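Quick notes on the structure that follows.
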There are 2 protein chains.
Amino acid sequence: MKDRKQHVIKMAHQLFIDKGFQATSIQDILDYSGISKGTFYNYFSSKNELLIALLKSIYEKINKKRNELLMGQDPSDIEVFIKQIEIQLEMNRSNNLSSLFEEVFFSNDEELKQFIKKGHFRVIRWTHNRFKDIFGHDKEPYLLDCSIMFLGILNHNYKYYSIESNSRTAIKKVVRYSVNRIVKIVEEVAESDEQLLPPEKLTSWLPDCKKSTKALQQKLQHSILSLKKSLHHSHEPLKYIELLDFILDELVNTKEPRKFLIESVLSVLKTEPSLFKAGDMQKLEEQIKQYFINEELL
Amino acid sequence: MKDRKQHVIKMAHQLFIDKGFQATSIQDILDYSGISKGTFYNYFSSKNELLIALLKSIYEKINKKRNELLMGQDPSDIEVFIKQIEIQLEMNRSNNLSSLFEEVFFSNDEELKQFIKKGHFRVIRWTHNRFKDIFGHDKEPYLLDCSIMFLGILNHNYKYYSIESNSRTAIKKVVRYSVNRIVKIVEEVAESDEQLLPPEKLTSWLPDCKKSTKALQQKLQHSILSLKKSLHHSHEPLKYIELLDFILDELVNTKEPRKFLIESVLSVLKTEPSLFKAGDMQKLEEQIKQYFINEELL
DNA sequence: ATGAAAATAGACTGCCAGTATAATTTATAG
DNA sequence: CTATAAATTATACTGGCAGTCTATTTTCAT
């Protein structure tokens, strides 16, 4: 009955949008979603945990949409970036995320605070990575500052502009305006050569778990190599080798590997059960799963 | 026993700084400040009301310090502005205001939310007024946008920079950096002639109570005129006329009249009780008091 | 079909904000 | 100085909440 858990999250989300997070009591959620207390505490250890589950699912959705927009596009094309940011704001709006965030930060639950904080850091990191794509290597020393300033500008502009009109066109206007500003700021700040925070700070905020990631990558490489070897007997090895190589490349060389892509490739590979030894495929899947769990923890 | 109320506020403030607002129960406040529940609810109708009282006193302090810095200085001197912003951040830091604000916004108390929101608007308005001083009239159409962006940049930069070092020099660095950016942004945005929000929006966010203010101003003008007339018999009328004119000018032509200044001038005027008719002075004082109450309500 | 394991319902506990009432102090008038 | 009214303060009480515990039902593997 996993749908039931999803159902509870959905109902709670509705209540949060309608009444606000704080104002929604657990009893409200029980009544509205038609479950009992035992069930609730079986799913979540607290209201905060439920919120974290909800936010995670929204984060995932945003991430997925952002990645779809980038697929097959030039990463240095700023128009793509603009669309990505628009999506992000649009999702915030439709999920009442901004008010949720604001509410949430006053919580005294340390875990929830950490979660939100990590979320902010991840947004900064994502923006920073995109800025590297867009503005190029020579601007890099200034790009962490610029990411932080960009998000500050964007949030503030949106906050006050949306008082007046809170529509899709409002979002577009705000995003365009904010991006226009940051483009000039990047130029200006590089010229005046002022730096507040060196980009390396990011890795201390969000440690890459480099050791464990490295170790996992080696295991993955090994698994895939042995899979490729066992392909020699296949009648179209090239196609499968390409797929395997893609997986490896996506996991090892991409900042944020696209889970859904990898999963679809895996499913293709699994359509021919005769290709590999029974355990090998499973082993690979297990490792990939582990990899994403690792990613998630940052 | 009015000190007792102040004492409670002070003790609560300490607790808020130590444990956070949400995590502090009313019982904690009662224990820590050695009063009983009845007393507490006699002073404040709720914990939120206490918070509002606390914030008001902090706002006043900040405002006073800011005004002191501006006294006798050139308002267009950006170095003065920098010092004012530094003071503001410094006060936020020492009072743990930023975390308080963040906590507070997730409250479901509508009154408290409105209060905080109004506080944000006032900061924007103050910044906007200062920007008008600094950047001049021709930049005015862009200065509301710039105020909003400046505060976004400043907050974000400070938020993330203070993770690394949270000292007085950190504040200075962040403020200098942020001001350097906004100076260039003002130039750039004026050149590209882009506008998001027209500055008139401010008055709709913070209505001036124009009607009542206008009416009060006329009354004031009248009172002061009659006081000036009665001065003809004095042996040094000029000095007192100047003082009276100063009060009128400060109240009518200044965006944020400096209460402490006006009060000190009033006290000087009152040192010579023979100067004016008994009731006239009192009437003036009453009107000025009314004026500030009006101001406070926006 | 049966027994173990997981899911569910709802009663129960303790805490907290806010209220009502009782006791005490303070102010005022005779 | 005393009596009485008013304000202040202390504390007992209420209702609602989050979270726990236990008994019951459902699910699933064998």
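Scope of the values below: all heavy atoms of this structure, side chains included, with no hydrogens, waters or symmetry mates. So you know, we letter chains A, B, ... as the sequences are listed, proteins then strands, and number each from 1. A quick note: this is a predicted structure, and the numbers were derived from the prediction, not measured.
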(message) Looking at dA20(C), I'd like to know if its phosphate oxygens (OP1 or OP2) sit under 4.0 Å from a side-chain N or O belonging to Tyr41(B).
(response)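 No, outside the criterion.
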
(request) Name all residues meeting the ring pair (Phe, Tyr, Trp, His ring centres under 6.0 Å) criterion together with Tyr41(B); count only those two or more places apart in sequence or in a different chain, and write none if there are none. (result)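 Not a single residue meets the ring pair (Phe, Tyr, Trp, His ring centres under 6.0 Å) criterion with Tyr41(B).
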
(message) So, using side-chain hydrogen bond (donor to acceptor under 3.5 Å, both in side chains) as the criterion, who are the partners of Ser45(A) when residues are at least two apart?
(response)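 side-chain hydrogen bond (donor to acceptor under 3.5 Å, both in side chains) list for Ser45(A), sorted by chain: Glu49(A).
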
(message) If the condition is side-chain hydrogen bond (donor to acceptor under 3.5 Å, both in side chains), which residues does Asn155(B) pass it with, not counting sequence neighbours?
(response)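 Scan of Asn155(B) (side-chain hydrogen bond (donor to acceptor under 3.5 Å, both in side chains), adjacent residues dropped) gives none.
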
(message) Suppose we screen for side-chain contact (heavy atoms from CB on, under 4.5 Å). Which residues come up paired with Thr39(B), at least two apart in sequence or across chains?
(response)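 With neighbours one apart ignored, the set is Ile35(B), Ser36(B), Tyr43(B).
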
(request) With sequence neighbours left out, write down each residue that passes side-chain contact (heavy atoms from CB on, under 4.5 Å) with Lys65(A), or none if nothing qualifies. (result)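 Checked Lys65(A) against side-chain contact (heavy atoms from CB on, under 4.5 Å); matches are Ile87(A), Met91(A).
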
Nearest whole angstrom, please: distance from the [atom2] of [N] to the [atom1] of [X].
| X | N | atom1 | atom2 | value |
| --- | --- | --- | --- | --- |
| Ile35(B) | dT11(D) | CD1 | P | 13 Å |
| Tyr43(A) | dA6(C) | OH | P | 14 Å |
| Phe40(B) | dA7(D) | CZ | P | 22 Å |
| Asn42(A) | dT26(D) | CG | P | 16 Å |
| Arg4(A) | dA6(C) | CZ | P | 18 Å |

(message) Tell me which residues in residues 25-33 of chain A lie within less than 4.0 Å of DNA chain D, going by non-hydrogen atoms.
(response)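 Ser25(A), Ile26(A), Gln27(A) - these, ordered by number, are the residues of the stretch whose heavy atoms sit under 4.0 Å from the strand.
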
(request) Compare the minimum distances between each of dG10(C), dA12(D), dA10(D) and the side chain of Lys37(B), then state the nucleotide with the smallest one. (result)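 Out of dG10(C), dA12(D), dA10(D), the nucleotide with an atom closest to Lys37(B)'s side chain is dA12(D).
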
(request) Among the candidates dT20(D), dA9(C), dA7(C), find the nucleotide nearest to the side-chain atoms of Thr39(A). (result)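 The answer is dA9(C), which lies nearest to the side chain.
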
(request) Supply the atom-to-atom distance Lys118(B) NZ to Leu206(B) CG, rounded to the nearest 0.5 angstrom. (result)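 Answer rounded to 0.5 Å: 8.5 Å.
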
